[in-house]
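This one's a predicted model, so the numbers in the text were calculated from it and none came from an experiment. All values below were derived from every heavy atom in this structure, side-chain atoms included, with hydrogens, water molecules and symmetry-related copies excluded.
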2 protein chains.
Amino acid sequence: MIVTKAGRRMFPTFQVQISGMDPAAEYVLLMDFIPVDDKRYRYAFHSSSWLVAGRADVAAPSRMHFHPDSPARGAQWMKQTVSFDTLKLTNNLLDDNGHMILNSMHRYQPRFHVVYVDPSPNSHLQACRNFCSFSFPETRFMAVTAYQNHRITQLKIASNPFAKGFRTTDPKDWGMSISESIYFFIFIKLALWI
Amino acid sequence: MIVTKAGRRMFPTFQVQISGMDPAAEYVLLMDFIPVDDKRYRYAFHSSSWLVAGRADVAAPSRMHFHPDSPARGAQWMKQTVSFDTLKLTNNLLDDNGHMILNSMHRYQPRFHVVYVDPSPNSHLQACRNFCSFSFPETRFMAVTAYQNHRITQLKIASNPFAKGFRTTDPKDWGMSISESIYFFIFIKLALWI
DNA sequence: AGCTTTACACCTAGGTGATAAGCT
DNA sequence: AGCTTATCACCTAGGTGTAAAGCT
């Protein structure tokens, strides 16, 4: 994923389809990003692979991204796919726009959190029971300021509508289904929770 | 104001600046539109004026437009000007997009409502005390499907950024301050209320 | 004749990777 | 040398009034 000083959207967007919520109860949906390991990476062109380049830089300030529709009722969240398309990534440690701060050349794991807004007066006593997190290893990515791998660049150009200006061949001529192969489209069952 | 089948934004946008709310309390902000009278109008080109053209058509279904940030705390509402720029007007009586339905060639009064979200258990008993409405006569307008008065057209072209393509003269050359003369920018004091 | 609808050129606003310059 | 930043052309997405066609 590209990170910029001004903030860059993720592509593909992190999306979840939710079921099993109480339709009438209120929930807050959040995301954050945790380092996969304590390493800094560099890309080796000759071998087309990422190599460890030492210990991680000092950790970027950790932030939570509230889905802008939060809080909302379960019925609303389950009605359609929930998309975190307003979330932006930045490498600016002093960012003042509420973007998610990441270190470039480091690997991250997106996390998705659901918080049940408990209306009962003593809800703080069992706050831990009203909170649930999900991590999908297939959504891990490397933060970069410029693409290192030309095949990733071509994949983004072929699939992101905003990069259509850089397309040379018709994406329909591709042998694989891009949307099936890379989209962060995840189905979550909360049936056994709360 | 132009009304279309698909829905058209108001221009200028209805905006309010609020003070006097309880910063910690929650409020819902709404708008609706009521007919100014029971008449249908037509425009007389030769006299450049609106004439009564009979009784009003059957009233369009009345709807409420919730400000999309609702509900929010008083502190949030008072922090900056509240703008109803996502509100759209339509003449489609069967509209399914949640737009405000108006009859063309009829005159309307926008209304602004503030609802205090009372957390107390018996709040419904005094619901009428938690509700307050404001009407500003200077924001009245005629709903039309096409502009009838060329001076209104020129005013919109001169002041709406999206109509810049139709400008012939630099709006800075105008003698009057457009923003001062036509903007629905209203200051509201709620200090004596609730 | 008078009002409404549709297609359109021309904007605003902002999301892309490419490119070259800048930094360490 | 390797990574970052700023600028750019080229898109998407959608808000304007216009003009011609459609409707009643």
OP1 or OP2 of C:dT5 under 4.0 Å from side-chain N/O of B:Thr4 = no
OP1 or OP2 of C:dT4 less than 4.0 angstrom from a side-chain nitrogen or oxygen of B:Lys5, does that happen here?
-> no
Walk me through it: do A:Met21 and A:Gln76 pass the test side chain to side chain contact (heavy atoms under 4.5 Å, CB included)?
-> CA-CA 10 Å; A:Met21 281 177 165; A:Gln76 184 63 31; over 6 Å; no
Which whole-number value in Å describes the distance from A:Asn149 CG to C:dG17 C1'?
-> 15 Å
Atom pair distance, as rounded to whole Å: CG in A:Asn160 and P in C:dG14 | 17 Å
Side-chain-base donor-acceptor pair under 3.5 Å for B:Arg8 and D:dG17 = yes
Does A:Lys88 have a side-chain nitrogen or oxygen under 4.0 Å from the phosphate oxygens OP1 or OP2 of C:dG15?
-> yes
In whole angstroms, the gap separating P of C:dG2 from CG of B:Asn91 amounts to 20 Å
Whole-Å distance, A:Tyr147 OH to D:dC3 P, equals 17 Å
Atom pair distance, as rounded to whole Å: CG in B:Asp85 and P in D:dT16 = 10 Å
Go through C:dA9, D:dC11, D:dG14 for me and flag the one nearest to the B:Phe166 side chain.
-> C:dA9
Please tell me which of the listed nucleotides, D:dT4, D:dC11, C:dC11, lies nearest to the side chain of A:Phe162?
-> D:dC11
Distance-minimising heavy-atom pair for B:Ser104 and B:Val144 = OG-CA, 3.4 Å
What nucleotide among C:dG17, C:dT4, C:dT12 has an atom nearest to a side-chain atom of A:Thr153?
-> C:dG17
Of all the nucleotides listed (C:dC3, D:dG17, C:dG17), which has the minimum atom distance to the side chain of B:Met105?
-> C:dC3
Distance check: side-chain N/O of A:Lys164 vs OP1/OP2 of D:dT12, anything under 4.0 Å?
-> yes
Output the single nucleotide from D:dC3, C:dA18, C:dC3 whose closest atom is nearest the side chain of B:Arg40.
-> C:dC3
So do B:Phe14 and B:Val16 actually touch side chain to side chain, heavy atoms under 4.5 Å?
-> yes
Nearest listed nucleotide, side chain of B:Thr145, among C:dC3, D:dT16, D:dT4 = C:dC3
Find the distance between OG1 (B:Thr139) and CZ (B:Phe112) and round it off to the nearest 0.5 Å.
-> 12.0 Å
To the nearest angstrom, the CG-C1' distance between A:Asn97 and C:dG15 comes to 16 Å
Rounded distance in Å - CD1 (A:Ile2) to C1' (D:dA6) | 14 Å
Verify the cluster assignment for B:Ile157 and B:Met142: are they in a single hydrophobic cluster under the rule of side-chain heavy atoms below 4.5 Å apart?
-> no
Nearest-angstrom distance from the residue atom NE2 of B:His106 to P of C:dT4 = 10 Å
